[in-house]
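Worksheet: one structure, shown below.
It should be emphasised that the depicted structure is a prediction, and the values quoted were computed from it without experimental measurement.
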Amino acid sequence: MKRAATICGSVSIVLALIVSRRPDALTNPQFWAEDGRLWFAAAHNRGPLVALLEPAAGYFQTFSRLTAAAGVAVGLRAAPLVFNVAAIVGQALPPLYLLSSRLAGAIPDWRLRALAALILIGLPNSFEVQSNVTNVQTHLAILGFLIVVADAPRRRAWAACDLLLLIVGGLSGPTYVFLVPVAIAVWWRERSTWRLVVLATVAATAVVQTVAFLTADGGGRFATPLEPTVRRFFGIVGGHIVVGGLAGAPVHGRLFLGQGDPGPLLPALGVVCVLAVARAFVVTSSFALRLLIVFGVLVLGAALTSPAVDAAPRWQALQWRDVGIRYWVIPTVAFLAVVLRSACADPWRGARWVARVALAVLVLVGMPLDWRVKARPDLRFADQVERYEDAPPGSVVRIPIPPAGWEMRLRKR
């Protein structure tokens, strides 16, 4: 009974904290961007099963397609709420997994796991991945990493749950490709049957997504020039990951000097970040932290190689506030894990105190400042539903959805 109460309490607190970041997801549910224009519209117009088997942007989007199928089943009026609830649940899975005993091997102290879960929930500079289905793939990728490095399950129910989550997560985005080397390293270290099963599951989903990407010829990625430079790279890292990740997007926006040269501060912070993470990789005794660093670096490298940004040059645009936010979430999580570990267990006392100051900035400045995500503009979705219901059968109804300029086109049944 006590264990059940603890689990229910943890779930309730995590869900309440996530909802508090964007309460309009429940108080005024609306479709957001691809959630309406792509996922729901495709399931409504062509049928959920047909849409489920279609890649989008070069890869399969299973979680989004399944949510759209549920949205079609409940009807247009309730569908946005279904989407937002599904997004909130998907977002809650990684912190809840962190709180479980499955991560005791990686983080033995439950208090540190609780702090890590809170940081994951309140991650600054992450507005783009808050309570929307399209970007749940980022949360599922973090969950996938946690499953790969977690202690082996003692019960078949846990094992089945792990594998199901890995399959859904792997078929909902391309990031599991970068989990393959992590799964290989964990299996190589333990050489157990369970680790081999996890590796095979992760690798299988990665192969499916890779074939889909190659078949779709890259999913129609932007062809605008990248124009990468060393200075821009460190400006991106120093801006989005260090300043944005510790002090929040508003502080990053104030430090960035317009849509041009960021000045010397942000690139300098980027250099410090890279050196600190590299040092942590060498000196840490945590195998899981090393793997998280590898995962974060691979994700960052892929994001910088082919970012879906239409402004040119893309690397210059990636330095700006609010650009490519979804790309920085996993690298920022890896960086903050380094900060948290260093604050507690770095062998050099000076590094411990620097990390503690950074952690204080995160908890006292970044998380409070960036906690509440701006509500979506109210486009009176209920009125749009009435327009759809009044339209003649077979006609195409255009329904505006946030952000500005987006719409979904539904064929009246």
Side-chain angles (χ1 to χ4, degrees), residues 14-44 51 56-57 59-72 74 76-95 120-144 168-169 171-175 244 249 303 307-309 322-330 332-333 370-379 381 384 399-408:
V14 168
L15 291 174
L17 288 173
I18 291 173
V19 170
S20 72
R21 295 204 66 180
R22 228 205 91 200
D24 69 295
L26 298 184
T27 60
N28 185 28
Q30 302 176 90
F31 286 112
W32 168 257
E34 290 92 345
D35 288 3
R37 189 171 76 178
L38 293 183
W39 319 133
F40 183 81
H44 178 277
Y59 49 89
F60 288 100
Q61 309 256 9
T62 300
F63 186 91
S64 300
R65 300 293 196 186
L66 290 174
T67 304
V72 170
V74 301
L76 178 59
R77 191 175 297 274
L81 180 60
V82 169
F83 268 74
N84 291 348
V85 169
I88 291 166
V89 171
Q91 191 172 336
L93 292 176
L120 197 56
I121 294 169
L123 189 71
N125 199 34
S126 62
F127 73 91
E128 193 174 37
V129 300
Q130 299 298 321
S131 302
N132 66 82
V133 164
T134 294
N135 290 309
V136 163
Q137 60 175 276
T138 299
H139 303 290
L140 294 180
I142 296 172
L143 176 65
V168 173
L171 296 179
S172 298
T175 315
V309 176
D322 298 349
V323 175
I325 298 301
R326 61 195 179 277
Y327 296 137
W328 323 128
V329 171
I330 292 175
T332 299
V333 167
D370 237 3
W371 188 273
R372 182 62 69 90
V373 176
K374 185 178 180 182
R376 311 296 191 208
D378 186 2
L379 299 184
F381 183 73
Q384 305 301 329
I399 298 178
I401 57 176
W406 285 63
E407 66 177 17
M408 63 177 183

How long is the gap from CD1 on I142 to CD on Q137, to the nearest 0.5 Å?
-> 11.5 Å
When every non-hydrogen atom of L379 is compared with those of P402, the smallest separation belongs to CD1-N, 3.5 Å
What distance do R22 atom CZ and Q130 atom CD have between them, rounded to the nearest 0.5 Å?
-> 9.0 Å
With the side chain counted from C-beta on, respond yes when F63 and L171 share a heavy-atom pair under 4.5 Å apart, and no when they do not.
-> no
N135 backbone acceptor or donor facing E128 side chain under 3.5 Å = no
Starting at OG1 of T62, measure out to CG of L140 and round the result to the nearest 0.5 Å.
-> 10.0 Å
Say you draw a straight line from CE of M408 to CD of E34; how long is it, rounded to the nearest 0.5 Å?
-> 13.5 Å
Where is the tightest heavy-atom contact between V14 and A92, given as atom of each residue plus distance?
-> CG1-CB, 3.8 Å
To the nearest 0.5 Å, atom CG of L17 lies from atom CG of L120 at 12.0 Å
Quick one: closest heavy-atom pair of V329 and S126, and the distance?
-> CG2-CB, 4.4 Å
Determine the minimum heavy-atom distance between F381 and P80, stating which atoms define it.
-> CE2-CG, 3.4 Å
Is there a side-chain contact (heavy atoms from CB on, under 4.5 Å) between D24 and V373 once you walk through the steps?
-> CA-CA 9 Å; D24 69 295; V373 176; over 6 Å; no
Report yes if some heavy atom in the side chain of P400 is under 4.5 Å from a heavy atom in the side chain of W406; otherwise report no.
-> no
Give the minimum heavy-atom separation between V72 and A43, together with the two atoms involved.
-> CG2-CB, 3.7 Å
What closest approach, in Å, do R65 and A51 show between heavy atoms, and which atom pair accounts for it?
-> NE-O, 3.0 Å
Check whether any side-chain N or O of H139 sits under 3.5 Å from a backbone N or O of V129 as a donor-acceptor pair, and report yes or no.
-> yes
Give a yes-or-no answer on whether the side chains of S20 and W371 include a donor-acceptor pair shorter than 3.5 Å.
-> yes
Do N132 side-chain atoms and W32 backbone N/O form a donor-acceptor pair below 3.5 Å?
-> no
Hey, is the main chain of E407 close enough, under 3.5 Å, to the side chain of R37 for a donor-acceptor pair?
-> no
When you check the side-chain N and O atoms of W39 and T67, is any donor under 3.5 Å from an acceptor?
-> no
Measure from the side-chain N and O atoms of Y327 to the backbone N and O of A308, and report whether any donor-acceptor pair falls under 3.5 Å.
-> yes
Just checking, is any N or O donor in the side chain of N84 or S131 under 3.5 Å from an acceptor N or O on the other one?
-> no
Before accepting this row, confirm whether a basic side-chain N of the pair D378/R376 lies closer than 4.0 Å to the acidic partner's carboxylate O.
-> no
Roughly how far apart are L123 CG and T332 OG1, rounded to 0.5 Å?
-> 6.0 Å
Angle class for the F31/F40 ring planes (parallel below 30°, perpendicular above 60°, tilted otherwise)?
-> tilted
